[in-house]
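Only a predicted model underlies this, so the values are computations on that prediction, with no experimental measurement involved.
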Amino acid sequence: MQQVAALLAAQLGSVKDLVQEYVSALSTPAQLLCGLFAFGYIGFGIWGSWAKGQKIDFYGLLRPFSTGLIILFFSGFVSLLQLTIYPIELATSSLNASVQDSYRQAQADYSVAQTKMRNAMAAYNQQQVEEDNTAVSTQLSADDESSNYLQLFKNTLHLLVSFSSLALTGMVYFFRTYVVLAGVVLVLIGPFAFALSLLPGFAGNIKNWMMHYIRVTMYVPLSLLVSFMVAVLFSGCVYPVFTNMLSALPTANYTFSDYAQAENLQLSIQLITLLFNGIVIALYACIPVFSKWIIRSDYVAAVTKHN
């Protein structure tokens with residue numbers, strides 16, 4: 001899944017380039033709408049000033065022209081907005097890359113220790129089958145019904161851990177895909193949103209669109225920041241603790257107490273892994289909330305309430 005998702009995420013970059021070819025085609029009708037709305041905007045502005053006996057605000061009447069220029073050079077305007085996020089994305093990407101080597105090494109050490117423990121447990125089980133040790137078999141399964149329930153619990157826990165790891169990987173690539181597709185939609189509807197800003201009651205369209213575009217673009221650096229936190233947590237705390245506990249177990253000549261200790265340790269590790277995976281998934285799910293903390297919508301809320 002990681003390989004397929006990584007290839008798809010890499011190919012999504014070409015979608016942005018393809019969309020830019022259609023922006024100019026969609027901006028042409030948006031420019032026509034902007035021109036039509038400009039006549040009404042200027043007319044109502046002049047008429048309102050005359051009706052109130054006030055001086056005409058010529059600077060305020062320049063808004064349709066500035067809006068038309070933005071629509072005309074909309075691709076450049078979007079690129080300018082992306083430049084505001086690029087330094088943050090570059091910094092978080094470098095920060096995340098700086099801990100990935102230690103994270104992979106800690107994960108590899110943990111995998112080696114876990115493999116040794118499983119091999120030792122498998123050798124112990126094979127030895128008991130060959131020796132047909134009735135006493136040990138009685139201790140391992142004193143109550144068949146309880147043993148079946150315990151095995152069902154272990155299998156369910158192992159399934160939950162695998163599912164949480166799968167969901168964690170899916171969350172990472174979901175945000176990468178969502179950012180691209182949501183950005184495509186915002187870019188395509190942007191010229192029309194800007195043209196409609198000249199109508200009464202739609203004055204906040206431009207700031208509203210900019211707020212949503214920057215907020216969606218912020219998902220990428222926030223995802224990289226969460227990945228950095230996860231890498232630091234697992235490489236500095238979780239995996240070393242698991243590795244040390246697994247390394248303390250004997251690698252051969254298991255006794256019954258060693259086998260029981262290994263089973264309990266494996267069960268504890270799965271429970272802790274499930275807990276941490278749940279916390280990390282919650283962090284990724286809260287990325288839109290974190291983005292709202294950065295990009296506030298007080299102005300939009302005030303405009304909506306006023307209208």
Side-chain angles (χ1 to χ4, degrees), residues 1-34 37 66-93 96 167-199 202-227 284-297 299-300 304:
M1 177 182 174
Q2 288 181 348
Q3 293 177 354
V4 174
L7 290 175
L8 289 175
Q11 290 298 322
L12 280 175
S14 60
V15 176
K16 289 184 177 180
D17 300 332
L18 180 62
V19 169
Q20 294 298 327
E21 300 177 3
Y22 294 94
V23 171
S24 58
L26 290 175
S27 63
T28 301
Q31 292 173 31
L32 295 176
L33 288 176
C34 182
F37 296 154
S66 60
T67 303
L69 287 175
I70 293 176
I71 295 175
L72 182 61
F73 301 102
F74 192 75
S75 298
F77 178 74
V78 172
S79 300
L80 183 63
L81 287 180
Q82 290 176 344
L83 285 177
T84 61
I85 306 297
Y86 181 73
I88 304 175
E89 184 176 348
L90 184 62
T92 52
S93 179
N96 184 39
L168 182 58
T169 303
M171 290 289 287
V172 174
Y173 290 101
F174 167 78
F175 279 107
R176 294 186 184 181
T177 306
Y178 177 80
V179 167
V180 174
L181 297 181
V184 166
V185 173
L186 286 171
V187 168
L188 291 177
I189 68 174
F192 297 99
F194 280 36
L196 289 174
S197 67
L198 299 178
L199 293 177
F202 294 90
N205 264 19
I206 294 179
K207 289 189 176 182
N208 193 12
W209 184 92
M210 291 175 60
M211 181 196 68
H212 283 295
Y213 186 83
I214 296 176
R215 180 182 292 173
V216 169
T217 311
M218 281 294 298
Y219 287 179
V220 175
L222 287 174
S223 298
L224 293 172
L225 192 59
V226 172
S227 299
Y284 276 107
C286 289
I287 284 179
V289 178
F290 298 153
S291 182
K292 287 183 180 180
W293 291 351
I294 301 172
I295 311 298
R296 299 293 300 272
S297 58
Y299 173 82
V300 176
T304 304

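In this structure, Val180 and Arg176 have side chains that are not in contact, with every pair of non-hydrogen atoms separated by 4.5 Å or more.
Between Ser223 atom OG and Phe174 atom CZ the span is 10.0 Å, to the nearest 0.5 Å. If you take CG on Leu168 and OG on Ser227, they are separated by 8.5 Å, rounding to the nearest 0.5 Å. Note: Ile294 CD1 to Met218 CE = 3.5 Å, rounded to the nearest 0.5 Å. Rounded to the nearest 0.5 Å, atoms OH (Tyr284) and OG1 (Thr169) are 9.0 Å apart. Rounding to the nearest 0.5 Å gives a distance of 11.5 Å between CG of Leu222 and CZ of Arg215. Rounded to the nearest 0.5 Å, atoms CD1 (Ile70) and CE (Met210) are 8.0 Å apart.
Residues passing the side chain to side chain donor-acceptor pair (under 3.5 Å) test with Thr92: none are found, sequence neighbours excluded. Residues forming a side-chain contact (heavy atoms from CB on, under 4.5 Å) with Thr67 (at least two apart in sequence, or on another chain): Cys34, Arg63, Ile71, Phe194, Ser197, Leu198, Ile206. Ala91 is linked by a side-chain contact (heavy atoms from CB on, under 4.5 Å) to nothing, counting only residues two or more places apart in sequence or in another chain.
Put simply, the residue from Leu90, Thr217, Val216 that forms a side-chain contact (heavy atoms from CB on, under 4.5 Å) with Ile85 is Thr217.
Between Tyr219 and Tyr178, the ring planes are parallel. Angles under 30° get that label, and only those over 60° would be called perpendicular. A parallel orientation is assigned to the rings of Trp209 and Tyr213, their planes being inclined by less than 30° (bins at 30° and 60°).
In this structure, the side chain of Thr177 engages the main chain of Tyr173 through a donor-acceptor pair within 3.5 Å. Under the 3.5 Å distance criterion, the side-chain polar atoms of Ser291 are left unmatched by any main-chain donor or acceptor of Ile287.
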